[in-house]
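For reference, the structure discussed in these notes is given below.
For ligands, and for the atoms within them, numbers begin at 1 and follow the listed sequence.
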Amino acid sequence: MKSHPLKRVEELMKALYMPSVDFDGLFSGKNALTPLDTIALFLAEQQRLRAEKQSQIRRKRADLPAQKTLDSFDFGFQRSVSKEQMLRLCDMVWVEQAYNICLLGPPGVGKTHLALALAMKALDMGYGVLFTTLDNLMKALKTSEVYASSKRKLKTLNSVSLIVLDEVGFMPLSPAEANLLFGFICTMSEKTSIIVTSNKGFDEWADFLGDATITTAILDRLIHHCEVINLTGDSYRLAHRKSIT
Ligand code: ADP
Ligand code: MG
């Protein structure tokens, strides 16, 4: 049975919405603590648990489709970007400055992998992140008045420091959609970093955006403060295809 003081402490912690603490583990071997030391140790543990919880929430909210790291990226296979170049970006100074990154190249060359690895690093460092495909962003923008989930998504997009906008260029946009994208890029411009992945080079963007003027306007905003990484070579998927037998 729990001793009375411990029960009382746990009741108070619950009432104060504090996460529960493993007191035996926390205080083991620390018999000589002063009352203030004891309080400091307890509060530091509360702070650690709270940060851990916030980190979990941020990770869940980021909605990353897979966990990818730079360590699991084979820079020997993909030679158009160096590990040093990617490691430099891990300092996240560009996120502080709201710079963008464009990862361009054909399917399977590692664009999404690198975007996710940077997103994971940003999460580790405490930044708010949200991953979305362009297709899903369009759905949210078009239905924000109708669906609470879309409204929530736009709210999150407005609050994070880094957005991964994946698969730009897969589908052609209607003129109304291209305008929505322009509005979105303008809103984020100089405020929020965006990592864009696209299978199309900038010279081909007018093909899916449908109009040279809107394309210039979008690219102008996007590339103003931007690191462009062109990935070339063969598809990693095709080269490492696994067959059933
Ligand atoms: P893209 O977005 O350019 O189409 P992905 O990043 O989705 O390509 O890569 C396809 C798959 O191959 C993913 O599972 C990714 O983790 C893997 N992959 C791609 N390039 C590499 C690489 N250089 N080293 C390790 N895995 C890679
Ligand atoms: Mg991809």
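Short contacts between ligand 1 and Pro107, defined as distances under 4.0 Å to a heavy atom of the residue, involve ligand atoms 4 (O). Residue Gln78 has at least one heavy-atom neighbour below 4.0 Å for each of these atoms of ligand 1: 23 (N).
With a 4.0 Å heavy-atom cut-off, ligand 1 is reached by the side chain of Tyr236 but not by its N, CA, C or O. Heavy atoms of Ser72 found under 4.0 angstrom from ligand 1 belong exclusively to the backbone.
Taking any N or O of Asp74, backbone or side chain, at least one lies under 3.5 Å from an N or O belonging to ligand 1. Residue contacts with ligand 1: Gly108 is placed with a nitrogen or oxygen under 3.5 Å of a nitrogen or oxygen of the ligand (distance criterion only). Between Gly110 and ligand 1, at least one pair of N/O atoms sits closer than 3.5 Å. Taking only nitrogen or oxygen atoms, main chain and side chain alike, Phe77 does not reach within less than 3.5 Å of ligand 1.
Nearest residue to atom 7 (O) of ligand 1 from Lys111, Arg237, Lys68, His240 is Arg237 (criterion: closest heavy atom).
Taking both residues in full, the closest heavy atoms of Ile163 and Val160 are given as CG1-CG2, 3.7 Å, listed atom of the first, atom of the second, then distance. Closest heavy-atom contact between Met138 and Leu181: CE-CB, 3.6 Å.
Inspection of the Asp166 and Thr112 side chains reveals an N or O donor paired with an N or O acceptor under 3.5 Å.
Looking from atom 6 (O) of ligand 1 to the surrounding protein, the closest heavy atom is His113 N, 2.8 Å. The closest protein non-hydrogen atom to atom 2 (O) of ligand 1 is Thr112 OG1, 2.7 Å.
By the 4.0 Å heavy-atom criterion, Val109 is counted among the residues contacting ligand 1. Ligand 1 has no atom lying under 4.0 Å from any heavy atom of Gly105.
In this pair, Phe77 and Tyr236 present their aromatic rings perpendicular. The plane angle is above 60°, beyond the 30 to 60° band. Classification of the Phe202-Trp205 ring pair by plane angle, with boundaries at 30° and 60°, yields perpendicular.
Look at Asn199 and the Mg ion (ligand 2): no N/O/S atom of the residue is under 2.8 Å from the metal.
The main-chain N or O of Val146 is never found under 3.5 Å from a side-chain atom of Thr143 such that the two would form a donor-acceptor pair.
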**OP:** Starting from the C-alpha separation in whole Å, work towards a yes-or-no answer on salt bridge (charged side-chain N to carboxylate O under 4.0 Å, His left out) for Asp74 and Arg79.
**Re:** CA-CA 9 Å; Asp74 182 351; Arg79 295 189 160 274; over 6 Å; no

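Between Lys83 and Asp71 there is a salt bridge, since at least one side-chain N of the basic residue sits less than 4.0 Å from a carboxylate O of the acidic one. Under a 4.0 Å N-O distance rule, the pair Lys142/Glu177 qualifies as a salt bridge.
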